[in-house]
Amino acid sequence: MSKYRPVIGLEIHVQLNTRTKLFCRCLNEYAPDEPNKNICPFCTGQPGALPLLNKEAVRKAIEFGVAVGATIPEKTRWDRKNYFYPDLPAGYQISQYDNPIVEGGLIEFFVEDKDNGTFEAGSVELTRAHLEADAAKLQHVGSKTYVDFNRSAAPLIEIVTEPVLHSSAQAMAFVNELQLLVRRLGISDADMEKGQMRFDCNLSLQNEDQQKNDELPPYRTETKNINSVRSLGRAIEYEIKRQGKMLDEGETPKQETRGWKDDQNKSESQRSKEDAMDYRYFPEPDLKILEISREEIPQLNNLPELPSTQRKRYLELGLSQQIVNTFVVQDELSSFFDKVLEIKSIHSKAKDKNLTLSLANVLSGALLAASSKNEITINEIIDEKNFFEMVELFDEDKINNKGVQTIIDELVKGDQKDIHKIIENKQLIQVSDTNALGEIVDQVIKENPKVVEEYKSGKVQVIGFLIGQCMKASKGTGNPKVFKVLLSQKLK
Ligand SMILES: [Zn+2]
């Protein structure tokens, strides 16, 4: 255990998927077929061009605020952040300084420990989230640099967290949850490969005294230009190691901004505190103070079900955390499962907990595996009604695991889509008749004297092998539970 504790705060830029840009009516389109296609005097920074606020962006920012339980102020203001860069021809960016549209809020997440399959709950308090216009994009080709203004003035929300994260695993779990949330709300595609979600990471290390006194270190570094969850994890690990080494040598790391170089797996100092930028923020003279009437703020229950709410709902059904997580992070699975649950309650089986678990197990197990392996969607394999009927038969012990697998394999082949026909053709109704199965058990015991000896000498786990032999002898039609009972009785 290291004597230092990392203290991490994140700033996340999320690009909103509005139809048009934040301050002009140009299309907000990812990578249109040519550079500088969606541009106008405003988003190319022509003097005198005036901003025109996009209400859709405001609505999406407010929805985010409601979803995280934040305060939406009655008035919010726009500010100019002044700096020079070739991708910012106006010489300023319209942002929000001390009066953001979203104040506070909280996001819960789970950190999965893959080694032992457990999940640790965590939460992050948000400081704020504000709206701002994106800059243009520079493209370096050989010795030349080109400017593409398609992205210029696209709407961003910048989400700022409190410094409450303490490991790369927590930070990664949190941003995954944030991505899930904005996608579920439908406010952003949050595709990191397209730069629609980007991270800056503030980090310092607390020594033991600071931990005891709950005190922040007198410095922190900000690592910028992180474009994926994996890079975020690596940038944090890099910085923990770099700062730890300096502290071990009695040095205090410099307060500075660093740039993450993903291809080199390291960060480089960009500027220190002494030459920190002074952005000379001042109120944007070309935009009014934005008043947000209380009627404009949606109720939480008018928004799509939040991932955290869905997670709780599934856990209450008795699903394992592993399965819950699999469902919640994949819309296809959760909406399939929800439709199956509806069918289940129409069949007056809403309270049958075992059936719920069987449905969840087969969906997250055999069906999901077949879908990934064959690269087809679950709905292309089976519809919700047939799936429900198949698992119901399984739950009633009329077909076994192998039968379920055979049905799924046949469905993937695609010749027959009616599960009842497949069951009939492949003779999948399992035999539970103890007389018929008893004969098979006797035969298997006779043919495997060595294994039987091992079982009798206490190595009881070999019963699995014997059940397998019985299943084989019955051509997969025998009920493995009945085989197990018969074997235990006969080998006593
Ligand atoms: Zn424009």
Side-chain angles (χ1 to χ4, degrees), residues 9-18 20-24 28 42-43 45 49-83 85 88 90-107 124-135 152-164 178 181-182 185 187-188 197-200 202 220 222 224 257 276-300 303:
L10 298 176
E11 290 169 23
I12 305 113
H13 284 96
V14 174
Q15 195 174 57
L16 298 176
N17 56 2
T18 52
T20 56
K21 295 184 181 180
L22 183 54
F23 293 121
C24 59
N28 175 30
F42 177 80
C43 58
L50 292 174
L52 186 72
L53 178 62
N54 180 344
K55 281 279 171 67
E56 191 194 356
V58 170
R59 180 176 60 75
K60 287 185 165 170
I62 292 174
E63 283 179 5
F64 174 77
V66 171
V68 298
T71 304
I72 310 295
E74 294 189 10
K75 286 178 183 168
T76 180
R77 205 186 66 202
W78 307 95
D79 297 277
R80 276 192 190 181
K81 181 180 181 180
N82 298 279
Y83 66 94
Y85 205 67
L88 192 72
Y92 63 85
Q93 175 189 30
I94 303 180
S95 180
Q96 300 194 287
Y97 186 52
D98 50 7
N99 197 189
I101 191 163
V102 171
E103 295 168 355
L106 184 100
I107 292 181
V124 167
E125 287 130 22
L126 305 183
T127 314
R128 56 184 281 165
H130 63 257
L131 273 165
E132 64 184 25
D134 209 345
S152 175
L156 297 175
I157 44 172
E158 181 178 333
I159 299 156
V160 182
T161 78
E162 291 290 299
V164 289
L178 178 62
L181 175 67
V182 296
L185 291 169
I187 63 174
S188 172
M197 199 171 166
R198 323 191 284 261
F199 315 104
D200 299 335
N202 290 293
R220 61 165 201 242
E222 181 177 22
K224 286 183 169 290
T257 301
M277 289 246 208
D278 176 5
Y279 292 115
R280 256 185 345 107
Y281 279 101
F282 63 83
E284 167 58 52
D286 291 338
L287 284 166
K288 287 192 297 189
I289 286 178
L290 181 66
E291 297 198 17
I292 304 167
S293 75
R294 300 300 92 181
E295 291 83 61
E296 277 177 78
I297 301 175
Q299 298 291 314
L300 192 57
L303 297 179

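Atoms CG and CG, on Asp200 and Leu10 in that order, are 9.0 Å from each other to the nearest 0.5 Å. Atoms CG and CD, on Leu303 and Glu63 in that order, are 5.5 Å from each other to the nearest 0.5 Å. Here Gln93 contributes atom CD and Leu156 contributes atom CG; the two are 7.5 Å apart, rounded to the nearest 0.5 Å. Atom CG of Asn82 and atom OH of Tyr92 lie 9.0 Å apart (nearest 0.5 Å). Rounded to the nearest 0.5 Å, atoms CD (Glu11) and CD (Glu222) are 5.0 Å apart.
Residues forming a side chain to side chain contact (heavy atoms under 4.5 Å, CB included) with Ala57 (at least two apart in sequence, or on another chain): Leu16, Thr18, Leu22, Asn54, Leu131, Pro155. Shown here are the side chain to side chain contact (heavy atoms under 4.5 Å, CB included) partners of Asp79, two or more places apart in sequence or in another chain: Arg77, Tyr97, Asp98, Tyr281, Pro283. Applying the ring pair (Phe, Tyr, Trp, His ring centres under 6.0 Å) test to Phe23 and every residue at least two apart in sequence or in another chain returns Trp78.
Counted by atom type alone, Gln15 and Ser188 present zero donor-acceptor pairs between their side chains at under 3.5 Å. Side chains of Thr71 and Glu103: a donor-acceptor N/O pair is absent below 3.5 angstrom, by distance only.
Contact of the Glu296 side chain with the Ile72 side chain is not registered, since no non-hydrogen atoms from C-beta on lie closer than 4.5 Å. Looking at heavy atoms from C-beta onward, Pro163 lies out of side-chain contact with Asn202 at the 4.5 angstrom threshold. The shortest side-chain heavy-atom distance between Leu126 and Phe64 falls under the 4.5 Å cut-off. Proximity of Asp134 to Arg198: side-chain heavy atoms (C-beta onward) are separated by under 4.5 Å at one or more points. Taking the side chain as every heavy atom from C-beta outward, His130 and Thr76 never approach each other to under 4.5 Å. Within the 4.5 Å cutoff, side-chain heavy atoms of Ile297 are placed close to those of Arg294. Pro285 has its side chain within reach of Arg80: a pair of non-hydrogen atoms, C-beta onward, lies under 4.5 Å apart. Between Val68 and Leu181, some side-chain heavy-atom pair lies under the 4.5 Å cut-off.
Ala154 and Asn28 make their closest contact through CB-OD1, 3.6 Å (heavy atoms, listed as atom of the first residue, atom of the second, distance). Considering all non-hydrogen atoms of both residues, Ala70 and Gly104 come closest at CB-O, 3.4 Å. Of all heavy-atom pairs spanning Ile101 and Ala61, the tightest one is CG2-CB, 4.0 Å. Heavy atoms only, all atoms of each residue included: Pro73 and Ile292 are closest at O-CD1, 3.6 Å. Nearest heavy atoms, Asp286 versus Pro51: CB-CD, 3.5 Å. Here the shortest heavy-atom pairing between Ala129 and Ile159 reads CB-CG1, 4.0 Å.
By the 6.0 Å contact criterion, CZ on Phe282 is enclosed, its count of non-hydrogen atoms from other residues, nucleotides or ligands being greater than 12.
Without hydrogens or angle criteria, Ser152 side chain to Cys43 main chain gives a donor-acceptor distance under 3.5 Å.
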